[in-house]
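In what follows, a structure is listed as structure tokens, so that the remarks can point back to it.
Counting starts at 1 for both ligands and their atoms, in listed order.
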Amino acid sequence: MTHINQQHILQTLAEVSTLADQQGSKAPLVLAVSKTRSAEEVQQAHEAGLCHFGENYLQEALDKISQLKSSDICWHFIGPIQSNKTRAICEHFDWVHSVDRFKIAQRLSDQRPNDLPPLNVCIQVNIDEEKSKSGVNPRDCLSLAQQILLLPNIQLRGLMCIPKAAPNKADKAFGKMAALLTDLQGQLPEVLSLDTLSMGMSNDYPLAMKQGATIIRLGTVLFGPRNN
Ligand SMILES: *Cc1c(COP(=O)(O)O)cnc(C)c1O
């Protein structure tokens, strides 16, 4: 049986809010990335004060979501999406960060149950334009956003990225993401929901915060290293 180190979690949350104070900005939402962690660990992390959890693998996530369905956790899907997974994703999640093609967005909208509010989505951007990496090319972001905005059951919230591993380069990538969101907001001034930059992980979240991240996705710094 594994246990969460609540001290780790509290320390990280305190660090995030200190950094935000130093920058004079609003603290970003901490999305706890709980892939490989058990439902029990998620429950303990929830008790330590975390409310938003991010999952990469659908089946693993569905098991945890059903075990924790009496809690008020907000679930975010952050992994690659195959089209045969869209139904379960839009039935069980509140957010999807990894939309990078219209077909997936359309299926999520079509399949979103009527009794749920619109699904919050971010467009995943391949900000370093790496070969064979998920995400839309930055140049194609506006046209994908315009298409997504026509879908009734999803609400476009902003952009997400996973930059190249090199942390010194990440600074530049995060800056490009911020510029891309500003550009999108300028092109689509009627879309008031475009308020999200999902960027920054355990090794680079301070840089992402400096560039205006509104959601940081943290696994290792909250839960310790993943061993599988
Ligand atoms: C695993 C993962 C994270 C968290 O990574 P850490 O380095 O453990 O903080 C964040 N975002 C995505 C998309 C991930 O797959």
Next item on the list: Consider only side-chain heavy atoms of I, L, V, M, F, W and Y, link residues closer than 4.5 Å, and tell whether Leu194 and Ile148 are in one cluster.
Entry: yes

Next item on the list: Output yes when the distance from some N or O of ligand 1 to some N or O of Gly219 is under 3.5 Å, and no in every other case.
Entry: yes

Next item on the list: Note the single closest protein heavy atom to atom 9 (O) of ligand 1, along with its residue, its atom name and the distance in Å.
Entry: Ser202 OG, 2.5 Å

Notebook entry, point to check: Which residue and non-hydrogen atom of the protein lie closest to atom 5 (O) of ligand 1, and at what distance in Å?
Noted result: Met201 CE, 3.7 Å

Notebook entry, point to check: Quick one: does His97 get within less than 4.0 Å of ligand 1, heavy atoms only?
Noted result: no

Checklist line | Protein heavy-atom partner closest to atom 8 (O) of ligand 1 - residue, atom, separation in Å | finding: Thr220 OG1, 2.6 Å

Notebook entry, point to check: What protein heavy atom sits nearest atom 12 (C) of ligand 1, and how far away is it?
Noted result: Ile78 CD1, 3.6 Å

Checklist line | Donor-acceptor contact below 3.5 Å, side chain Ser193 vs main chain Gln155 | finding: no

Margin query: Can you see whether Gln82 engages Lys85 through a side-chain donor-acceptor pair at a distance of less than 3.5 angstrom?
Written below: yes

Note to self: Under a 3.5 Å threshold, yes or no: a donor from one side chain and an acceptor from the other, between Gln124 and Ser134?
What the structure shows: no

Next item on the list: Using only heavy-atom distances, determine whether the side chains of Gln7 and Gln11 contain a donor-acceptor pair under 3.5 Å.
Entry: no

Next item on the list: Using a strict cut-off of 4.0 Å, indicate which atoms of ligand 1 neighbour a heavy atom of Asn56.
Entry: 14 (C), 15 (O)

Check: Can you find a non-hydrogen atom of Ile162 under 4.0 Å from ligand 1?
Finding: yes

Item checked: Donor-acceptor side-chain pairing of Gln23 and Ser25 below 3.5 angstrom -> yes

Item checked: Sub-4.0 Å atoms of ligand 1 with respect to non-hydrogen atoms of Leu218 -> 9 (O)

Item checked: More than 12 heavy atoms from other groups under 6.0 Å of NZ on Lys176 -> yes

Note to self: Is a donor from one side chain sitting under 3.5 angstrom from an acceptor on the other, for Ser38 and Glu41?
What the structure shows: yes

Checklist line | Heavy atom of the protein closest to atom 14 (C) of ligand 1 (residue, atom name, distance) | finding: Lys35 NZ, 3.0 Å

Checklist line | Taking atom 11 (N) of ligand 1 as the reference point, the nearest protein heavy atom with its distance | finding: Arg217 NE, 2.9 Å

Next item on the list: Give the numbers and elements of all ligand 1 atoms closer than 4.0 Å to a heavy atom of Val33.
Entry: 1 (C), 2 (C), 3 (C), 4 (C), 10 (C)

